[in-house]
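Report on the following structure.
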Amino acid sequence: MKTQIQQLLQQTLDVLITKKILPEEGVYRIQVDRTKDKAHGDLSTNLAMMTCKAAKKPPRELAQLIIDNMPASELVIKAEIAGPGFINIFLNSNILAQQIEAALLDERLGIAKVQQVQTIVVDMSSPNLAKEMHVGHLRSSVIGDAVTRSLEFLGHKMIRQNHVGDWGTQFGMLLAYMEELRAQGKSGSSNLADLEVFYRAAKGRFDESEEFATRARNLVVELQSGNPQCLELWQEFKDISIAHCQEIYDRLGVALTTADVKGESAYNDDLKQVVDDLEACGILEQSQDAKCVFLDEFKTKTGEPLPVIIQKKDGGFLYATTDLAAMRYRQNVLKADRVLYFVDARQALHFQQVFMVAKKAKFVSQQISLEHMPFGTVMGDDGKPFKTRSGNVAKLADLLTEAQQRALALVQQKSPEKDPQEMRQIADLVGIASVKYADLSKNRTSNYVFSFDQMLKFEGNTATYMLYAYARIVSIFNKAGLDMAKLEGSVVLEHEKELELAGKLMQFDEAVNAVARLGNPHLLCSYLFELAGIFSSFYEACPLIKAESETQKQSRFKLAALTAKTLQQGLDLLGIKTLERM
RNA sequence: GCGCCCAUAGCUCAAUUGGAUAGAGCAACGCCCUUCUAAGGCGUAGGUUCCAGGUUCGAGCCCUGGUGGGCGUACCA
């Protein structure tokens, strides 16, 4: 709808240019907004105010010219001038009804695929394999997943890359500790069951013993230079850790598989080459015994240089090196047009730097779009980064379990008549959905407070509310004995609430496109929440089963059907499953 | 020191990236279940958008200067 009106306005501009009312050389951006107030019509444009300077006419006068020269269209019932020069557009509700029908018949609910398919690489989740996944990995996984699903739905070719940390100093630590245990005659593998405990024990040894620390560092060198024994042990760690991660992804419903794992170690063979190539193009400098790139853009005001360290003085490589190698791989092998990095906002400077280095060194083309999609920190009630009561970093697995347990308690309280197995099923889904939705519904870039009480609320912009809205519609269909796929008659929009619901339904594609463009799933959450709210309000005001006539009944059920499908599709894009009953 | 981000109702968050009267949900108060799932709906109240200037038809959003907080800033990622 919006894009069609935009096209209409573009045609109008062309007419005005031909009539020399507007100068030809101007660049005109056509902005069409949803109105907040019904009295302002359905859509409004500020076109007259934006172009009045170029036209050298008062905005209201120009607005009248725009209206007069607008080609006739069945979409528009009337257009009127308001305020300082807004043009308010009132849409034809018959067209709206037709669009509802069309969307209902379409698997994609009327959302078009993009004309220009891009190959988009998504760097997401990327946990450190030496530890268990914790709350910090939630956002990257969940937000990355939702944005990827949305882009995929729009027809882009998506390649997920789980850039796991599997090559750093921590692994030397683990290897050294494992060796120590084996030397003491203790079997190593049984101690791997709880990776977190193992990691903490190893870290403890690392911190308390200089001798141990040295051994750990040496083992990293051994590992990286290909010592078979080290490699074997390392592989063992990795396999266990990846299996842990996969369990979490499966529980979360995040569409990542072991095939998407492309860890830091995968770029090992190219790291030396990265250094050599930077050297060859003359931007690598020796500074304090390390090899660095200095970028003019990142000099401090006082002129102090800010380095991007590529190789440490001991010869070791850093994550900047690995990221550069990964960028080349993503462009040259994966053929990426865009690369999206769902990584903590605290790494913003790092990404600015490596993106620039990559372009300066011509590792990647100027066209490729490298985008850091930063997200804020998950906070506790105290306003500090989220920790458990004991002060440890919260393990993601435990968090999910707690959410499911709390959800179970609520289900038992709310619908005690259900059998225990169904309760469990509902609770498991609601628990996971609540955690994910709480994360997705907040603005990506800001920090947010993690609160079970908040996310498991039935009221407000929560997963439960959304799931309930869907389940309720399904239930109405069951009660009425109607099939969503077999509705007769045509949609007629009469009641104010019917019009409102229909209008909202047709905004689904704007929401999905906004998520894809900006990488902000909360825009889709807000949309679905508003949709569910409007539906509830419609449901209250417009009887479905007890409609006045059969035609009205069919029409209203069609609206309900499209609402259910939209909720389901929307939640699916967010990576959240729906329930038929709750 | 320098850089980046943030500050919106008592609380948790929005505001279509410069649009019209700043919106939701909690919490508070008042209604609506013998009638389609009340995990719902309707309504009331709640604001100097941290402060001070500036840009323009129009600023929560952009610019300048403050205040308060978070983060980053040479060999972790």
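Residue numbers begin at 1 in each chain, while the letters A, B, ... track the order of the sequences.
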With sugar-phosphate meaning primed atoms plus P, OP1 and OP2, does A/Ala471 contact a base, only sugar-phosphate, or nothing at under 4.0 Å between heavy atoms? base

Under a 4.0 Å heavy-atom cutoff, the residues of residues 342-351 of chain A touching RNA chain B are A/Arg346, A/Gln347, A/Leu349

Rounding to an integer number of Å, can you tell me how far A/Tyr437 OH sits from B/G25 C1'? 11 Å

Give me syn or anti for B/U17, where syn covers glycosidic angles within 90 degrees of 0. syn

Sort out the partner of B/G47 for me: Watson-Crick or G-U wobble, both distances under 3.5 Å, none otherwise. none

Fit a plane to each ring of A/Tyr341 and A/Phe355, take the angle between them on a 0 to 90° scale, and name the class: parallel (under 30°), tilted (30 to 60°) or perpendicular (over 60°). tilted

Taking every non-hydrogen atom, the tightest pair across A/Ala407 and A/Val430: CB-CG1, 4.2 Å

When rounded to the nearest 0.5 angstrom, what distance separates CD in A/Gln568 from CG in A/Leu579? 10.5 Å

Please check if the number of heavy atoms outside A/Arg424 that lie under 6.0 Å from its CZ is greater than 12. no

Can you check the A/Leu528 CG to B/A24 P distance for me, whole Å? 18 Å

What is the nucleic acid contact for A/Ala82, judged by heavy atoms within less than 4.0 Å: base, sugar-phosphate only, or nothing? base

Scan every strand shown for a Watson-Crick or G-U wobble partner of B/C61, both distances under 3.5 Å, and answer none if you come up empty. none

Students often get this wrong, so: under 4.0 angstrom with heavy atoms, is A/Glu264 touching a base, only sugar-phosphate, or nothing? sugar-phosphate

Smallest separation among heavy atoms of A/Asp439 and A/Ile143, with atom names: OD1-CD1, 3.6 Å

For B/C13 and B/A77, measure between their P atoms and round to the nearest Å. 32 Å

Is there a donor and acceptor pair closer than 3.5 Å between the side chain of A/Ser287 and the base of B/A74? yes

Tell me what A/Cys292 touches on the nucleic acid: a base, only sugar-phosphate, or nothing, going by heavy atoms under 4.0 Å. base

CZ/A/Arg29 to CD/A/Gln6 distance, rounded to the nearest 0.5 angstrom? 9.5 Å

Touch check for A/Leu544, heavy atoms < 4.0 angstrom, all strands: base, sugar-phosphate only, or nothing? base

Taking the C1' atom of each, how far is B/A7 from B/C71, in whole Å? 15 Å

Looking only at the side chain of A/Phe529 (C-beta and beyond, no hydrogens), which of the listed nucleotides B/U73, B/G25, B/A74 gets closest? B/G25

Would you say the side-chain atoms of A/Asn443 and A/Tyr448 include a donor-acceptor pair closer than 3.5 Å? no

C1' atoms of B/U21 and B/A59, separation to the nearest Å: 16 Å

Any strand is fair game: report the nucleotide pairing with B/G1 by Watson-Crick or G-U wobble, both distances under 3.5 Å, or none. B/U73

On a whole-Å scale, what distance lies between the C1' atoms belonging to B/C63 and B/C29? 44 Å

Counting only side-chain heavy atoms from C-beta out, which of B/A20, B/A38, B/C57 sits nearest to A/Asn88? B/A20

Write down the distance separating the P atoms in B/U67 and B/C51, rounded off to the nearest Å. 15 Å

So A/Phe450 and A/Phe452, would you call those rings parallel, tilted or perpendicular, with 30° and 60° as cut-offs? perpendicular

Write down the partner of B/A39 under the Watson-Crick or G-U wobble criteria, each distance required to be under 3.5 Å. none

Which value, in whole Å, describes the distance between the P atoms of nucleotides B/G65 and B/A28? 45 Å

Measure the distance from OH on A/Tyr539 to P on B/C42 and round it to the nearest whole Å. 14 Å

Measuring only the P atom in each nucleotide, how far is B/A22 from B/G30? A whole number of Å is fine. 28 Å

Quick check on B/C76: is either OP1 or OP2 less than 4.0 Å from any side-chain nitrogen or oxygen of A/Lys312? yes

5′-ward residue of the pair A/Lys313/A/Cys542 relative to RNA chain B: A/Cys542

Check: B/A74 base within 3.5 Å donor-acceptor of A/Asp289 side chain: no

So A/Ser536, base contact, sugar-phosphate only, or nothing? Heavy-atom distance under 4.0 Å. sugar-phosphate

Whole-Å distance separating the CZ atom of A/Arg406 from the C1' atom of B/A39: 18 Å

Please determine whether a side-chain nitrogen or oxygen atom of A/Lys457 lies at a distance below 4.0 Å from atom OP1 or OP2 of B/C26. no

d(CG, A/Leu324; P, B/A77) in whole Å: 13 Å

Using a distance-only criterion (donor-acceptor N/O pair, under 3.5 Å, no hydrogens), is the base of B/A77 paired with the side chain of A/Tyr319? yes

How many whole angstroms separate atom CG of A/Leu47 from atom C1' of B/G58? 16 Å

Decide if atom NZ of A/Lys418 counts as having more than 12 heavy atoms of other residues, nucleotides or ligands within a radius under 6.0 Å. yes

CD of A/Glu500 to NE2 of A/His495: how many Å apart, nearest 0.5 Å? 10.5 Å

Quick one: do the A/Lys497 and A/Ser537 side chains pair a donor with an acceptor below 3.5 Å? yes

Return the set of residues passing side chain to side chain contact (heavy atoms under 4.5 Å, CB included) with A/Ala130 (not counting sequence neighbours), or none when no residue passes. A/Asn128, A/Gln170, A/Phe171, A/Leu174, A/Tyr199

Send over the distance from A/Glu540 CD to B/C42 P, rounded to a whole Å. 7 Å

Pair assignment for B/A7, Watson-Crick or G-U wobble, requiring both distances under 3.5 Å: B/U67

B/U12 and B/C6, which share atom name C1', separated by this distance in whole Å: 16 Å

Within the pair A/Tyr465 and B/G41, is there a side-chain N or O less than 4.0 Å away from OP1 or OP2? yes

Going 5' to 3' through nucleotides 5-19 of chain B, assign each nucleotide B (protein heavy atom under 4.0 Å from a base atom), S (under 4.0 Å only from sugar-phosphate atoms) or - (no protein heavy atom that close). --------SSSBB-B

Name the nucleic acid region contacted by A/Pro59, choosing base, sugar-phosphate or nothing; use a 4.0 angstrom heavy-atom cut-off, strictly under. nothing

Taking O4'-C1'-N9-C4 for purines and O4'-C1'-N1-C2 for pyrimidines, is B/C33 syn (within 90° of 0) or anti? syn

Identify the nucleotide, in any strand shown, that forms a Watson-Crick or G-U wobble pair with B/G18, with both distances under 3.5 Å; if there is none, say none. none

With salt bridge (charged side-chain N to carboxylate O under 4.0 Å, His left out) as the criterion, how do A/Lys203 and A/Asp207 come out once you've worked through the C-alpha distance, each side chain's angles and the decisive distance to 0.1 Å? CA-CA 6 Å; A/Lys203 180 82 162 55; A/Asp207 292 340; 3.1 Å; yes

Value in whole Å for how far the P atom of B/C4 lies from CZ of A/Phe298: 10 Å

